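Just follow the structure's listing: the first ligand is 1, and inside any ligand the first atom is 1. For reference, positions follow the sequence shown, starting with 1. Please read all numbers here as calculations on a predicted model, not as lab measurements.
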Amino acid sequence: MTEVLQTALTNAVEQTRTNIPAFAQHYPDDCTVRGRYAPRAPRGSFPAGANQGWTTGFVPGCQWLAYEVTGDDEFRVAASAHAADFARRVHDGEDLDTHDLGFLYTLACVAPWRLLGAEADRDAALAAADALMLRFLEPAGIIQAWGALTDPEQRGRTIIDSLMNLPLLTWATDVTGEVRYAAAAARHARRLAAHIVRPDGTTFHTYTWDAVTGEPVCGTTAQGAADDSCWARGQAWGIYGFSLAFDATGDPALLAAARSCAEYFLARLPADGVVFWDLVFSDGDDEPRDASAASIAACGLHELSRHETDPARAARYAAAGQRMTQDAVAYSPAAQGVDSDALQLHSVYSRPAGEGVDEGCLWGDYFYLEALVRHTRPDWRRYW
Ligand code: GLY
């Protein structure tokens with residue numbers, strides 16, 4: 001087991017090294033096309049390759065992990081250049097109308113702050129946390145996920161992915177001493193535990209609150225198979241995100257939510273351990289896998305095992321996370337002997353939209369590498 005993971009880690013780090021020059025010229029697109037990343041597609045006033053959208057932070061995220069594994073300065077130099085561009089993005093107010101500021105700035109700026117302690121990275125991450133706080137809606141007590149706060153279609157709507165944006169707020173309280181950031185994160189997480197997790201342990205992808213009264217309205221999907229299905233990556237975000245929220249708050253309701261997400265995810269694993277894109281599907285279904293969901297869940301199970309209060313469950317989650325990381329190795333280009341600049345293949349961005357189906361993706365690369373680091377370097381400290 002250890003040798004398989006060590007070899008996979010070496011291969012993933014070397015691909016991260018190979019990608020440095022191209023990803024310094026332009027940010028890659030969210031997903032590969034036939035296994036290779038093109039420059040990020042132009043959008044609105046942004047030219048091709050610009051630092052926009054929700055996935056560009058995974059590029060420096062991989063580079064910081066590779067820097068920690070190797071100590072090689074070329075990773076630090078490359079990732080620091082990205083951190084400077086993220087500082088420019090937030091200080092210029094570019095493309096900040098999203099809850100995904102947590103994904104972006106935790107990896108691009110909190111990670112280097114934790115590793116190297118540069119004030120510029122701390123200031124950029126705090127500016128991103130302030131921008132994220134503008135999306136916290138009263139009286140609902142949730143952070144709006146998508147779009148402008150005035151957009152009637154998006155007003156009061158959040159998504160399960162948002163849980164991974166909360167650590168930016170928890171970190172902001174840690175460095176400033178101002179409790180309002182962590183308090184908002186805790187309220188948001190509790191609202192999701194109460195409504196986005198269904199009684200049977202499955203989850204909605206998105207959930208909407210009435211922005212005027214703050215009352216819960218309904219759950220729907222955007223990327224899952226149906227409103228009442230269980231989108232695999234959402235369930236994986238739930239395992240990881242509720243585990244982090246429990247660690248931040250000690251609230252047993254958040255541990256219960258993390259357990260629910262984990263139990264259902266594990267109950268729907270196919271024989272080879274890499275889930276289908278929606279958990280309504282399993283062995284025998286002619287549907288694509290989402291290897292990124294497997295890697296996110298493997299990280300989440302590892303994190304959950306560290307905070308789980310029941311030793312038997314903790315051991316089971318730790319073992320499952322390790323097994324799933326090993327299973328995910330089979331979905332890497334190196335293991336499959338195919339030409340690709342992704343670290344992991346066979347993920348799905350959005351099956352309903354026909355985007356990134358059975359391709360590599362930036363978040364899949366990052367969480368695959370994080371899972372390998374977690375399971376080969378027990379002393380690694382998370383960026384989240
Ligand atoms: N956060 C968007 C996704 O998981 O597709």
Side-chain angles (χ1 to χ4, degrees), residues 27-32 37 40-41 43 52-59 61 95-108 128 132 135 142-147 154 157-168 188-189 192 196 202-207 219-225 229-242 244-245 261 265 274-279 288-300 328 342 344-368 370-371 383-384:
Y27 282 95
D29 219 340
D30 300 318
C31 303
T32 60
Y37 287 108
R40 210 158 181 76
R43 181 169 65 94
Q52 50 92 8
W54 75 278
T55 60
T56 48
F58 296 116
V59 171
D95 200 25
L96 306 183
D97 251 356
T98 169
H99 70 145
D100 288 319
L101 294 167
F103 275 111
L104 291 164
Y105 282 84
T106 300
L107 295 181
L132 184 55
R135 304 182 70 77
I142 60 105
I143 296 165
Q144 182 176 317
W146 293 324
Q154 299 301 342
R157 187 186 202 192
T158 194
I159 66 175
I160 192 160
D161 324 29
S162 63
L163 291 164
M164 296 302 291
N165 293 313
L166 304 181
L168 179 66
H188 179 91
L192 262 67
I196 215 162
T202 63
T203 52
F204 290 109
H205 176 196
T206 91
Y207 202 93
T220 53
T221 199
Q223 285 160 249
S229 74
C230 186
W231 179 50
R233 195 159 63 253
Q235 195 79 3
W237 294 135
I239 299 170
Y240 202 161
F242 282 124
L244 295 172
C261 291
F265 196 96
V274 174
V275 284
F276 287 70
W277 68 279
D278 192 296
L279 298 180
R289 309 300 181 109
D290 183 0
S292 75
S295 292
I296 294 161
C299 294
Q344 181 185 56
L345 291 170
H346 305 295
S347 295
V348 172
Y349 188 177
S350 174
R351 180 77 158 137
E355 283 178 44
V357 176
D358 197 21
E359 289 287 352
C361 58
L362 294 176
W363 62 92
D365 290 354
Y366 172 79
F367 286 102
Y368 174 61
E370 186 187 302
Y383 305 144
W384 307 96

Legend entry - Salt-bridge present (Arg135, Asp97; N to O < 4.0 Å): yes
Inset, instruction - Output yes when Arg40 and Asp30 qualify as a salt bridge under the 4.0 Å nitrogen-oxygen rule, no when they do not. - result: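 Yes, this pair counts.
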Legend entry - Aromatic centroids of Tyr349 and Trp277 separated by under 6.0 Å: no
Atoms of ligand 1, numbered as shown, that sit under 4.0 Å from any heavy atom of [X]:
| X | value |
| --- | --- |
| Trp237 | 4 (O) |
| Arg233 | 3 (C), 4 (O), 5 (O) |
| Tyr349 | 5 (O) |

Inset, instruction - Go through Phe204 and Trp237 one step at a time and tell me if the ring pair (Phe, Tyr, Trp, His ring centres under 6.0 Å) criterion holds. - result: CA-CA 12 Å; Phe204 290 109; Trp237 294 135; over 10 Å; no
Legend entry - Within-cut-off N or O pair, Gln223 and ligand 1, under 3.5 Å: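 Between Gln223 and ligand 1, an N or O pair is found under 3.5 Å apart.
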Inset, instruction - Identify the protein heavy atom lying closest to atom 2 (C) of ligand 1, giving its residue, its atom name and the separation to 0.1 Å. - result: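 Atom 2 (C) of ligand 1 sits closest to the protein heavy atom Asp161 OD2, 3.0 Å.
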Legend entry - Trp231 touching ligand 1 at heavy-atom level, < 4.0 angstrom: yes
Legend entry - Set of side-chain hydrogen bond (donor to acceptor under 3.5 Å, both in side chains) partners for Thr221, sequence neighbours left out: none
